[in-house]
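Everything below concerns the one structure shown next.
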6 protein chains.
Amino acid sequence: MIYLTRRFDFAASHRLFNPEFSDELNWEIFRDCNNPNGHGHNYELEVTIAGEADPKTGMLINILLLDEIVREQLIRHVDHKNLNIDVDFLQDIIPTAENICVVFWKQLAQHIPAPHQLYRLRLQESKNNFAEYYGPVQISKN
Amino acid sequence: MIYLTRRFDFAASHRLFNPEFSDELNWEIFRDCNNPNGHGHNYELEVTIAGEADPKTGMLINILLLDEIVREQLIRHVDHKNLNIDVDFLQDIIPTAENICVVFWKQLAQHIPAPHQLYRLRLQESKNNFAEYYGPVQISKN
Amino acid sequence: MIYLTRRFDFAASHRLFNPEFSDELNWEIFRDCNNPNGHGHNYELEVTIAGEADPKTGMLINILLLDEIVREQLIRHVDHKNLNIDVDFLQDIIPTAENICVVFWKQLAQHIPAPHQLYRLRLQESKNNFAEYYGPVQISKN
Amino acid sequence: MIYLTRRFDFAASHRLFNPEFSDELNWEIFRDCNNPNGHGHNYELEVTIAGEADPKTGMLINILLLDEIVREQLIRHVDHKNLNIDVDFLQDIIPTAENICVVFWKQLAQHIPAPHQLYRLRLQESKNNFAEYYGPVQISKN
Amino acid sequence: MIYLTRRFDFAASHRLFNPEFSDELNWEIFRDCNNPNGHGHNYELEVTIAGEADPKTGMLINILLLDEIVREQLIRHVDHKNLNIDVDFLQDIIPTAENICVVFWKQLAQHIPAPHQLYRLRLQESKNNFAEYYGPVQISKN
Amino acid sequence: MIYLTRRFDFAASHRLFNPEFSDELNWEIFRDCNNPNGHGHNYELEVTIAGEADPKTGMLINILLLDEIVREQLIRHVDHKNLNIDVDFLQDIIPTAENICVVFWKQLAQHIPAPHQLYRLRLQESKNNFAEYYGPVQISKN
C-alpha cells in the first residue's frame, strides 16, 4: 500500500452560528467567528489516496484524473464562495473545519475509482489549525 | 538606516464590485471575486519601519509598542470581519489588496512615533499575490 | 472519529548533555548541541485531539478552550525560557525533541476534557527535524 | 514508541515514460511529464524512524549518524542527478514519486541500526503532491 | 506608485556548462550543476508590476490579464521543460538563475500594457537561492 | 545590475539586556527577552550580492565561494552558540536582530570579492519579525 496526496487551494468566507442558539450563546461559543457579516480563509485541502502503484505507469492514480475529480466534486463548489450560502452540500451544517471535512468525504469518496480508496482528507483553515478525517470505516495501513 | 518588519495575520471576507457598474461589467472585470455572497482570505500584513537602532536598547522601535499600535489601528478592525461592511475606514473603496494597502498606510503612518517612519506595507492576499506600498512620499534608502 | 490540530510557537534555548558523562563523551555524542553556553530554537508544537464533532457546534473541542489549556499547561512554562534551567517539569531530563514530546504529553493529556483525547504531539525543532508521540497507550484510528 | 523525522533536499531531473508504450500512449498518460528532454524538481524527503529514546542520551537515534546513513545510501546518488540515467538503483523503474519511495525504502531500511526501524518515507515532488510509504510490513503504532 | 506581485511555479531541468570550456574547467566552476545528464528544480517566479490603482476597479492591473500574459510569454515555454534544449529564447545562454531573470525580462517587459511597468522579476531556484532583476533602466520608487 | 541572494540557517540563544540598566528597567523594556537564563531562535540569514553576471559563467558570483565566505566569516561563529557569550564580534552589543545585522555587515562586506558588493542583509529571528540592512553607504539600484 502506498499513499499519494494532492493539495488544493480555495478561498471562501463563512460564519459560525447555530440558528437554534440565542445571539448571546452564539457569541459565547463562536466569538469572532460569529461576526454576522462573516469572515474568510485561504483553505488548503489535502486529498490522500491509498492503493498500489500500477506497474505499467508507476502511478497510484493518474494525477490529472484525480485533479479533475476533486475539482469537479469539491473545489468548483467552494472556491470564491460563501460556505453558508452558496454550497448545496454544506446547507444545514455549521461550516467548521471538522464538519467540512466530513461532508467533503461524503461528496468525494464514492468518486475515487476502484481499486483506489480515499484514505484521508486534511483541511487547513489557517496557519494554526487543521482538521483530518479518515472516513467512517478506516482502511488499516497495509 | 535599518529596517524592521513585523508580520500580522488576519482572516476576512470581501467582495469585489463597483456599484456604478452593471452586474455584467462587474462580472467581466472581477470574475470569481464578484460572487454576490463574498469569499475570504487569510491575509498577511508586513509592517516595515525605518530608522536607527537606539544605542541603549539595540532596538529600532520596541516591538511590543509597534504590535500594540498596529493591532489598535488596523488588525482589530479587520480580523474576522467583512471588509465591505464592517470596517469604517474601508467604506466606499473596492477592497482589493492594492486599495487596502493605501488605506492602511493612511490609518497607520501617523501613529508611528517619531523619529521612526513607516517605510513599507506589504499585504499578501493568497499564496500567489501581494501588494506593496511605500507611501505617498517615499523615504530614500539611507 | 475526527482529528483537530492546533499549532503553537515558542522560542527557547537548551543544551544537550548528560551530567554522568565526561566532557569528551558529551562532545562526541551531542557535538554542537553540547556547547556549554547553549543555543536555541523556534519550536513549533502541534497538538492533535481526537473525538467526535459536537452536532450543536460542529466543533470537536472549542479552540479557545484548547488554546487556554495548552498555554496554561505548556507554552507559558517554556516560551522565552532556558529548557535546562527554567522549567520545573523538564528538570532531570535531557531536552531533546524526543524527551520534550514525552514530558509534554504527561503534562497535557490529563487536562484534555473528556470525551476528547490527546491523540498526537508533534514538536518541530528546526526546518529539518521533528519528533512525534502518540502517548503510552495509543488510540486506534476510528 | 516515539517517531523522529529528518528532512533532506535534493534537486533532480526525470522523465516519465514506459518504453513498452507508443509515443502516443506515453503522451496520453504522462502528458507534460513525458517531455523527451525531461524536466525537474526540488525534492524533499522525510525519513521517519520509530523506536524508544535512549535514557542515557534522550535520543531515538543520533541525528548525525542518521544523516550519514541517508546521505550515503540515498542523497549522494540522486542529488543533482538525472533519475532516469544516473542512478543505479532506479534503473528499469518509472521514476514517479510513488516508485521512488518504494525503491528508497529497499535501499535504506536495512541500514537503519537495530533496534530502531524505518517507519515512513515521505517524498514531496512539488508544492502540490507527495507520496508516503510505510514499508512492505508495517510497524503498528505502539 | 503601488506594486503588485504575482507568483508562478514551473518545474524544469537544466545543466550548467560553457561549451567553450574544457570538461575539467566546467566541473571546477559548476560542480554538481555540471552533471552531463542534468538535474532540475521547482522554480518560483515572482512578477512585480508598478503603477497606480485604477480608481474604477481598485486594481493596478487585472490579475487575470497579467496571468495570461506571463503564462503566454514565459511559463508555457519553460514548465516541464529542459531549459538547455527546449526553450527558444534560452538558446546560447547558460541557464543560471541570474541569466534566466534577464532573459525573462526581455521577453516579458514589452508585453506589460502601458501605463503599467514591469518593476521586478524574482526567480527562486531552491529554498536557499534566488535572483532579482529590476531591468536595464530602473523605475525609481515613487 | 542583478541581485543574487543566498539563505543560511543558524540556531542560537541570546538574552536582551543592558548592563547599565536596573533589573526593573531591563524587564520593562525587554520583557520575555530579558529572561536571565536566555532563550533562542532558528535564525535565517539572507545575504544579497549586487553586480553583473560574468558572461563566461552566467553567474554573479560563484555560489560555492559565497557560501564558503559567509560560513567562514559568520555562520561558524554563531551556529549553535550563545550570542551574548560565545561570539567575539558580538561582545558589548545587545544582540537584537537590528544590531546583529549591522555587526554582520561589518564582518562580511570587506570579504566579498570585487567587483561584487554586499547589497543587503536580512535576518529573520522568528516567523513574525526580521531586520534588513543595506550598509552604511548604499548602492543605488542600477
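Chain letters run A, B, ... following the sequence lines, proteins first, then strands; residues in each count from 1. Everything quoted here is computed from the prediction, not taken from an experiment. The basis for the numbers below is simple: all heavy atoms, side chains too, and nothing from hydrogens, waters or symmetry mates.
Residues of residues 106-117 of chain D never come closer than 4.5 Å to chain E when only heavy atoms are counted. Within residues 36-64 of chain D, the residues approaching chain E closer than 4.5 Å by heavy atoms are, in numerical order, D/Asn37, D/Gly38, D/His39, D/Gly40, D/His41, D/Asn42, D/Glu44.
Between D/Cys33 atom SG and E/His80 atom NE2 the span is 4.0 Å, to the nearest 0.5 Å. The CD atom of E/Glu132 sits 9.5 Å away from the CD atom of E/Gln124 when rounded to the nearest 0.5 Å. Atom CD1 of D/Ile93 and atom CG of D/Asn99 lie 4.5 Å apart (nearest 0.5 Å). Atom CG of residue E/Asp67 and atom CD1 of residue E/Ile75 lie 9.5 Å apart, to the nearest 0.5 angstrom. Annotation: the span from D/His14 atom NE2 to D/Asn35 atom CG amounts to 10.5 Å, rounded to 0.5 Å.
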Check against side chain to side chain contact (heavy atoms under 4.5 Å, CB included), E/Phe10 and E/Leu123: CA-CA 11 Å; E/Phe10 64 95; E/Leu123 184 67; 4.0 Å; yes
Take D/Tyr119 and D/Tyr134 through the ring pair (Phe, Tyr, Trp, His ring centres under 6.0 Å) test and state the conclusion after the steps. CA-CA 6 Å; D/Tyr119 174 70; D/Tyr134 293 80; 5.4 Å; yes
Checking E/Asn26 against E/Asn18 for the side-chain hydrogen bond (donor to acceptor under 3.5 Å, both in side chains) test, could you report, in this order, the C-alpha distance in whole Å, the side-chain angles of both residues, the deciding distance, and whether it holds? CA-CA 7 Å; E/Asn26 270 318; E/Asn18 184 333; over 6 Å; no
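The main-chain N or O of E/Gln73 is never found under 3.5 Å from a side-chain atom of E/Arg76 such that the two would form a donor-acceptor pair.
Looking only at heavy-atom pairs under 4.5 Å with chain D, the residue among E/Asn82, E/Asp79, E/Val78 that has the most is E/Asn82.
Residue-environment remark: CD (E/Glu20) stays at or below the threshold of 12 foreign heavy atoms within 6.0 Å.
Only the side chain of D/Asp9 comes within contact range of chain E, judged by heavy atoms closer than 4.5 Å. Contacts of D/Ala12 with chain E are made by backbone atoms alone, with heavy-atom separations under 4.5 Å and no side-chain atom involved.
Here the closest non-hydrogen pair linking E/Trp105 and E/Leu121 is N-CD1, 3.4 Å.
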